[in-house]
Protein chains: 2
Amino acid sequence: MATTIDDVARAAGVSTSTVSYVLSGKRPISAPTRQRVERAIRELGYRPHAGARALASSRTNVLALMAPLRVDVNVSVIMQFVTGVVTAARTFDHDVLLLTADEIAGMERVANGSMVDALVMMDIEADDPRVPVLAGLSQPAVLIGLPRDPEGLSCVDLDFEAAGHLAARHLARLGHRQIALLGSPQAVLDRHTSYAERMIRGFTRGTSDAGVTGVVEPCESSMAGAVDAVDRVLAALPDVTGLVVHNEVALPWVLATLRERGRHVPDDVSVVAVCPPDVAVGQALPLTNVDIPAHAIGRVAVEMAMARVERSEPAETRLLAPMLVERASTVAPVR
Amino acid sequence: MATTIDDVARAAGVSTSTVSYVLSGKRPISAPTRQRVERAIRELGYRPHAGARALASSRTNVLALMAPLRVDVNVSVIMQFVTGVVTAARTFDHDVLLLTADEIAGMERVANGSMVDALVMMDIEADDPRVPVLAGLSQPAVLIGLPRDPEGLSCVDLDFEAAGHLAARHLARLGHRQIALLGSPQAVLDRHTSYAERMIRGFTRGTSDAGVTGVVEPCESSMAGAVDAVDRVLAALPDVTGLVVHNEVALPWVLATLRERGRHVPDDVSVVAVCPPDVAVGQALPLTNVDIPAHAIGRVAVEMAMARVERSEPAETRLLAPMLVERASTVAPVR
DNA sequence: GGGAAGCGTCGAAGCGCTTCGCCAGCGTAG
DNA sequence: CTACGCTGGCGAAGCGCTTCGACGCTTCCC
């Protein structure tokens with residue numbers, strides 16, 4: 001267990017630097033030598049000491065992931081981001097350090113303590129307090145979400161504006177003239193979490209482009225909140241026939257409330273859910289949905305981070321195009 | 001940013017070792033000197049380099065957390081474990097490295113690479129392939145869950161057997177004579193995940209102790225699975241008046257199915273949920289529940305890990321006593 | 001045939017920190 | 001007045017790895 005690079009070198013009859021170069025590939029090593037070294041490594045079960053490596057190379061092969069884990073965010077989507085980041089990190093031979101609470105202090109600790117090569121931050125708000133801190137760090141960071149001014153920052157997210165537009169257009173093209181968006185909880189909007197605002201913007205633009213009536217209602221992530229939001233929509237738009245739901249937690253309750261209010265899906269009202277596919281197909285009726293490709297976003301975030309670490313590539317913002325999958329919950333309105 | 005301990009020493013007019021001792025407290029330093037050093041640290045914004053520290057002290061101040069993130073496990077409970085572990089780790093000045101996929105290779109990598117001081121492993125199965133690997137590692141590990149033979153291992157979990165017993169007893173004492181347990185998905189049982197089996201054992205013992213009829217049905221974590229499981233229970237026990245549900249994902253669908261089958265909760269059937277309180281109160285009706293104190297279990301796991309790291313304490317198994325909170329979903333059966 | 005250019009390998013100098021042994025200076029006791 | 005023990009601080013030796021310059025050798029080209 002306590003084998004060092006020197007043990008390997010001795011066993012292979014070479015110098016320590018040769019072993020190091022076999023490991024890193026940074027200088028050419030002849031095939032026979034390389035094989036001897038590799039054999040010694042295998043036989044001794046050697047693993048380089050991460051700390052020593054970090055000290056000498058100033059690379060840790062660790063990524064920090066700052067996940068909010070707030071109560072009103074959807075846990076399963078968060079989880080998908082996390083797994084996306086972790087699996088992608090592994091393909092770059094990196095591990096993931098998880099930061100949840102105490103984020104500002106945490107990022108300074110792991111960055112200034114040289115524990116990580118880069119940071120990935122989730123759940124970015126318009127004026128996120130973490131963003132200004134980044135300037136003082138020597139490691140690159142990638143934001144999942146968009147701050148108010150993304151200039152000079154690496155950002156990645158679903159193009160929620162396009163998603164809102166797409167959902168609205170889909171309903172309008174089916175012939176719906178009165179449609180509504182059930183969105184994020186008020187608390188999320190109050191934080192100016194950008195995806196919620198972009199979603200609303202896209203939806204609104206979609207309705208006006210199509211010349212249909214659209215209303216937007218926030219929706220708490222609880223049963224009571226869902227009931228309330230549905231009732232508000234029905235009050236504002238009694239003849240509503242299309243609904244876009246951008247709140248996975250509330251989704252089942254929204255559907256239940258519609259049923260209770262005597263609105264059948266899809267005969268009376270078509271529903272587009274903005275959520276991962278497993279949530280969409282797991283409901284009573286398979287729902288037409290606009291995917292939130294959390295796993296892919298996580299992967300892209302890591303790729304961007306590694307590009308900056310390994311090749312000093314400049315920061316850029318990437319918005320992933322939304323995709324709508326039609327299922328049983330959206331049909332043309334019955335006249 | 002690139003300030004080192006030598007910079008601090010120079011600024012404070014002391015030697016590097018003195019700075020180190022101020023930081024670690026391992027030797028007494030006179031008050032005036034200490035204050036000079038602390039001031040220099042503050043003014044320079046100094047942070048020790050984690051890698052260098054790990055190399056010299058062979059302590060990394062990092063904990064590995066192996067979270068499964070399988071599809072059929074409940075994500076929100078997992079999340080609570082994770083946050084429990086992360087916050088507890090911080091109180092011991094440790095960070096958390098998250099391992100999800102590829103677990104065996106991952107544990108060997110982080111352990112043999114000296115990346116972590118200890119491992120915390122979730123979702124332990126009876127014959128978990130990770131357990132034998134532990135013997136070859138030089139770091140201690142704590143298991144959340146119980147393997148078949150916990151001898152010599154650090155384990156912590158809710159006492160699910162007591163939980164099953166408690167839930168059954170609660171219903172029996174209210175006067176219910178025919179009760180059922182809707183448990184984990186078949187896949188979880190097939191893995192011999194111990195909590196599921198212990199739950200069933202406790203429930204069964206509870207029913208026979210109380211002299212009431214009990215049946216156990218596994219329950220998939222999907223709407224179809226919930227409907228199916230409820231129907232199986234109603235078929236097996238047409239006069240069932242008490243239900244224990246140990247599957248948070250299926251819980252809402254179970255309640256919906258009961259309603260659809262014309263069984264009113266709690267008038268026709270009392271329901272005890274085994275889940276965190278927020279899930280229990282978030283349903284249509286606030287449910288009587290046996291808590292799964294995921295956060296507390298995570299904290300205890302970290303405490304046990306640190307006890308072994310810092311004070312070489314021996315391994316032990318700790319089962320947390322279950323607690324039942326009575327809410328609106330359980331009443332005496334109407335005669 | 002001779003100099004330049006590669007190639008494969010080695011040696012040694014750190015990277016920033018901890019820790020052990022040591023020593024100077026002091027107070028106290030014999 | 002010397003001897004001794006304490007206290008507070010210092011110096012230096014690593015911890016295990018990477019990386020740079022150097023070296024001896026072969027190959028190539030004019």
Side-chain angles (χ1 to χ4, degrees), chain A residues 1-38 40-41 44-62 93 109-115 117 138 310, chain B residues 1-38 40-41 44-62 93 109-115 117 138 310:
Chain A
M1 288 302 103
T3 67
T4 73
I5 198 173
D6 290 301
D7 299 329
V8 175
R10 211 169 306 122
V14 298
S15 72
T16 66
S17 47
T18 301
V19 177
S20 179
Y21 287 123
V22 167
L23 248 23
S24 70
K26 293 194 177 174
R27 284 199 184 176
I29 299 290
S30 69
T33 311
R34 189 178 337 117
Q35 281 157 19
R36 280 214 317 286
V37 170
E38 282 165 352
I41 289 177
L44 296 176
Y46 165 72
R47 295 263 185 192
H49 185 288
R53 177 170 268 190
L55 180 57
S57 66
S58 40
R59 291 272 255 104
T60 62
N61 281 37
V62 174
D93 195 28
R109 176 164 38 82
V110 300
N112 297 337
S114 301
M115 301 183 72
D117 293 336
S138 32
E310 291 177 347
Chain B
M1 288 302 104
T3 67
T4 72
I5 198 172
D6 291 300
D7 299 329
V8 175
R10 213 170 304 124
V14 298
S15 72
T16 64
S17 48
T18 302
V19 177
S20 179
Y21 287 124
V22 167
L23 248 24
S24 69
K26 294 196 176 173
R27 282 198 185 176
I29 299 290
S30 70
T33 312
R34 190 177 337 117
Q35 281 156 18
R36 281 215 315 288
V37 171
E38 282 165 353
I41 289 176
L44 297 176
Y46 165 73
R47 295 262 184 193
H49 185 289
R53 177 170 268 192
L55 180 56
S57 66
S58 42
R59 290 273 256 104
T60 63
N61 281 35
V62 174
D93 196 28
R109 176 164 37 82
V110 301
N112 296 338
S114 302
M115 301 183 72
D117 293 336
S138 33
E310 292 177 347

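Per chain, numbering begins at 1; letters A, B, ... match sequence-line order. All of these numbers come straight from a predicted model, not from anything done at the bench.
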For atom CG of A:Leu55 and atom P of C:dT18, their distance in whole Å: 12 Å

For atom CD1 of B:Ile5 and atom P of C:dC15, their distance in whole Å: 14 Å

Side chains of B:Met115 and B:Val62 in contact at under 4.5 Å (non-hydrogen atoms): no

Upstream residue (5' side of DNA chain D) when B:Ala31 and A:Ser24 are each assigned their closest nucleotide: B:Ala31

Side-chain donor/acceptor of A:Arg27 to base of D:dT19, under 3.5 Å: no

Distance, rounded to the nearest Å, where A:Ile29 contributes CD1 and C:dC7 contributes P: 13 Å

Heavy-atom donor-acceptor pair, B:Tyr21 side-chain to C:dC20 base, under 3.5 Å: yes

Protein-nucleotide distance (A:His49, atom NE2; C:dG16, atom P), rounded to Å: 17 Å

Sidechain-backbone polar pair: A:Arg36 side chain, A:Ala12 backbone, donor-acceptor under 3.5 Å: yes

Rounded interatomic separation in angstrom, taking CG from A:Leu23 and P from D:dT19: 12 Å

Interface residues of residues 9-20 of chain A with DNA chain D (non-hydrogen, below 4.0 angstrom): A:Ser17, A:Ser20

B:Ser20 versus B:Ser17, side-chain donor and acceptor atoms under 3.5 Å: no

Side-chain N or O of A:Arg53 closer than 4.0 Å to phosphate OP1/OP2 of D:dT18: yes

Nearest non-hydrogen partners of A:Asn61 and A:Asp93, listed with the distance: ND2-O, 3.0 Å

Close side-chain approach of A:Val8 and A:Val22, heavy atoms under 4.5 Å: no

From D:dC17, D:dG9, C:dC17, nucleotide with atom closest to A:Ala52 side chain: D:dC17

For atom CG of A:Leu44 and atom P of D:dG16, their distance in whole Å: 14 Å

Residue-phosphate contact under 4.0 Å: B:Lys26 side-chain N/O, C:dT18 OP1/OP2: no

Under-3.5 Å donor-acceptor pair between B:Arg34 side chain and D:dG9 base: no

Presence of donor-acceptor pair under 3.5 Å, side chain of A:Arg36 and base of C:dG8: no

Value in whole Å for how far the C1' atom of D:dG16 lies from CE of B:Met115: 15 Å

Gap between atoms CZ and P, on B:Arg59 and C:dT18 respectively (whole Å): 12 Å

Side chain A:Arg27, main chain A:Tyr21, donor-acceptor under 3.5 Å: no

A:Val14 side chain near A:Val37 side chain, heavy-atom distance below 4.5 Å: yes

